[in-house]
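Residue numbers begin at 1 in each chain, while the letters A, B, ... track the order of the sequences.
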Protein chains: 2
Amino acid sequence: MEAVLTAAVALLDEAGESALTFRALAARLGTGVGTIYWYVSNKDELFDRATDHAIGGILTAVEGQPGSDDPIADLRVMAVTLFDAIVDRPWLTAYFMRNTDVQGHSLRLYEKIGQQTLRLDLTPRQRFHAVSAIVGVVVGTAADLGAEIPQELLDGHVDREEFLGRYAATWRSLDAAEFPFVHQIADEFAGHDDREQFLAALELTLAGLRLQAGT
Amino acid sequence: MEAVLTAAVALLDEAGESALTFRALAARLGTGVGTIYWYVSNKDELFDRATDHAIGGILTAVEGQPGSDDPIADLRVMAVTLFDAIVDRPWLTAYFMRNTDVQGHSLRLYEKIGQQTLRLDLTPRQRFHAVSAIVGVVVGTAADLGAEIPQELLDGHVDREEFLGRYAATWRSLDAAEFPFVHQIADEFAGHDDREQFLAALELTLAGLRLQAGT
DNA sequence: ACGATTATCGAACGAGGTTCGATGATAGAA
DNA sequence: TTCTATCATCGAACCTCGTTCGATAATCGT
């Protein structure tokens, strides 16, 4: 079981979600497809289990963080840690987005984040909403940004600079009267950094939260 | 072409993302699979085109909204409109999350949202981040919440009440010392409303944005 | 020794994406 | 009118993937 999960995560890391097939997994483990089905009832469960396995790592990373006297600062650190983990393993997004099955390591992760909100002057409902909002920002942004890699990664000779620049050029060529915003934003987009963009989004919700907590 | 897209959207609406297959689409159109490949080079393009088609509808809905003297209020209305549209058509999330190809109707949608930020006292970069943050909240939350429907919809006899209650019960049964947050939140979760949860998350970012704009 | 449980295996089925060559329409050129 | 190049249509066939199933070994409690 442990070996199955480890191999599954390895496949996901090496070549993404589409690389995780029963046959590939069986080949890597040197067994048959049927064997995997003895441990796991279908692909969804395989994926969920593998993902939960990976989230265990994130959890220990989050738990290993020092922690300060400012709950919101701690929330920020946790959110960033989660973000980095998802960027590193884009296939995690699918889990966070599909999984209603809130238990296992992800439940512990929610708990860990939620504990920070206990230190804020909020109603239980506000705490519930705060955690959901923060996770939403992290997953939403990470997913959005993680998708921006078509040939760039495969070819390698088309670097990020040129890739973004091409879009910016297209946008600049649009009618300035009809597309004033896109026009103005083109330059920002050309030189934008995903992580900075995420941090900005996170900062907005955290600011709202701080306001709500009256601190 | 137009007929292909309309039929594709119909299939997606009727039975979700998995229902959109080349064979089903061909059958509905009374043609062969090969014909569809003449209009579209692969499934990704088919899906993107169909989704863009649907986003056209959202766009007109957003453009049809009156608009007030408060840019942030207008942003709220747009975000809610987008949210409702995605909840209504869960298969849209996949598009918003995978699609780097920012053009067509979704570009116009970004523009429309971005124009509100032009009325706020922000730097171009802040505007760029604001739009990205808002869309992130909408898509992230909508995706998160849209996934919570396993047997509930299919069986029909297990209603939402009981479904949520079961989770709440599990959470309450956890150790209160180890899971103080989840414990406290269980009741909120049992009676929670998806839309309210989204509005709370949106309100946090909008509050942060208002703060940033100094209005 | 022996049933029962635990594990293993891979051929085979069905569904879905994609390819490809054949074939018909349609229209401008000769 | 005839010819030919482009537009459009079609579905059989191929490949990959999830999943099933019956056969078979390995281990164990009695």
Side-chain angles (χ1 to χ4, degrees), chain A residues 1-54 90-95 97-101 147 150-151 154, chain B residues 1-54 89-95 97-101 147 149-151 154:
Chain A
M1 184 72 233
E2 185 65 21
V4 173
L5 262 36
T6 309
V9 170
L11 281 174
L12 287 166
D13 277 338
E14 284 166 17
E17 209 171 333
S18 64
L20 180 59
T21 70
F22 278 91
R23 283 179 244 264
L25 188 54
R28 171 177 282 252
L29 290 167
T31 66
V33 227
T35 305
I36 302 172
Y37 270 93
W38 191 88
Y39 290 96
V40 144
S41 65
N42 55 47
K43 178 144 192 196
D44 274 346
E45 189 184 330
L46 170 65
F47 188 70
D48 284 352
R49 275 245 168 69
T51 312
D52 189 75
H53 191 69
W91 44 271
L92 282 174
T93 57
Y95 173 82
M97 307 239 335
R98 183 175 49 63
N99 202 63
T100 160
D101 191 29
Q151 326 85 331
L154 301 178
Chain B
M1 185 72 234
E2 185 65 22
V4 173
L5 263 34
T6 310
V9 170
L11 281 174
L12 287 167
D13 277 337
E14 284 166 18
E17 209 171 332
S18 65
L20 181 59
T21 69
F22 279 90
R23 284 180 242 265
L25 189 53
R28 173 177 280 252
L29 290 168
T31 66
V33 228
T35 306
I36 302 172
Y37 270 94
W38 192 87
Y39 290 97
V40 148
S41 65
N42 57 46
K43 179 144 192 195
D44 273 346
E45 191 184 327
L46 170 65
F47 188 70
D48 283 352
R49 276 247 169 68
T51 312
D52 189 75
H53 192 69
R89 311 225 239 223
W91 43 271
L92 282 174
T93 56
Y95 173 82
M97 308 237 335
R98 184 174 48 63
N99 202 64
T100 161
D101 191 28
I149 329 171
Q151 325 86 333
L154 301 178

Novice: In whole angstrom, give the distance that lies between atom CG of L29(B) and atom C1' of dC10(D).
Specialist: 14 Å
Novice: Looking only at side-chain atoms of F22(A), point me to the closest of dT6(C), dC10(D), dG18(D).
Specialist: dG18(D)
Novice: Restricting to non-hydrogen atoms, name the atom on A3(A) and the atom on L29(A) that form the minimum distance, rounded to 0.1 Å.
Specialist: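 Minimum heavy-atom contact is O-CD2, 3.9 Å.
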Novice: Report yes if a side-chain nitrogen or oxygen of T35(B) is closer than 4.0 Å to either non-bridging phosphate oxygen (OP1 or OP2) of dC10(D); otherwise report no.
Specialist: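 Looking at the OP1 and OP2 atoms of dC10(D), one of them is under 4.0 Å from a side-chain N or O of T35(B).
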Novice: Taking all atoms of both residues into account, what is the closest heavy-atom pair of L46(B) and A8(B), and its distance?
Specialist: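 Shortest heavy-atom separation between L46(B) and A8(B) comes out as CD1-CB, 4.4 Å.
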Novice: Checking side chain to side chain contact (heavy atoms under 4.5 Å, CB included) for the pair V9(A)/L5(A): CA distance, chi angles, key distance, verdict?
Specialist: CA-CA 6 Å; V9(A) 170; L5(A) 262 36; 5.5 Å; no
Novice: Return the residues of residues 1-21 of chain B meeting this criterion: a heavy atom under 4.0 Å from some atom of DNA chain D. Order them by number, or give none.
Specialist: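 Under 4.0 Å from DNA chain D: no residue of residues 1-21 of chain B.
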Novice: By nearest nucleotide on DNA chain D, pick out whichever of D44(A) and T31(B) is the more 5' one.
Specialist: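 That would be T31(B).
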Novice: List the atom of L92(B), the atom of A54(B), and the distance in Å for their closest heavy-atom pair.
Specialist: CD2-CB, 4.3 Å
Novice: Could you state the atom-to-atom distance from CG of N42(A) to C1' of dC17(D) in whole Å?
Specialist: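 Going from CG in N42(A) over to C1' in dC17(D) covers 14 Å.
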Novice: Atom CD1 of I36(A) and atom P of dC17(D): how far apart are they, to the nearest Å?
Specialist: 13 Å
Novice: Are D48(A) and E45(A) side-chain neighbours, meaning at least one heavy-atom pair lies under 4.5 Å?
Specialist: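 No, too far: nothing below the 4.5 Å cut-off.
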Novice: How many whole angstroms separate atom CZ of F47(B) from atom P of dG17(C)?
Specialist: 12 Å
Novice: Nearest of dT19(D), dG16(C), dT8(C) to any side-chain atom of R23(A)?
Specialist: dT19(D)
Novice: Could you check how far NZ of K43(B) sits from P of dC15(D), rounded to whole Å?
Specialist: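 Taking atom P of dC15(D) as the reference, NZ of K43(B) is at 21 Å.
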Novice: OP1 or OP2 of dG10(C) versus the side-chain N and O atoms of Y37(A): is any pair under 4.0 Å?
Specialist: no
Novice: Please state whether the rings of W91(B) and F47(B) are parallel, tilted or perpendicular, taking 30° and 60° as the class boundaries.
Specialist: perpendicular
Novice: Atom CD of E45(B) to atom C1' of dG17(C): distance rounded to whole Å?
Specialist: 14 Å
Novice: Starting at CG of L25(A) and ending at P of dT8(C), how long is that distance when rounded to a whole Å?
Specialist: 13 Å
Novice: Give the minimum heavy-atom separation between L12(B) and A50(B), together with the two atoms involved.
Specialist: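 Closest pair (atom of L12(B), atom of A50(B), distance): CD1-CB, 4.4 Å.
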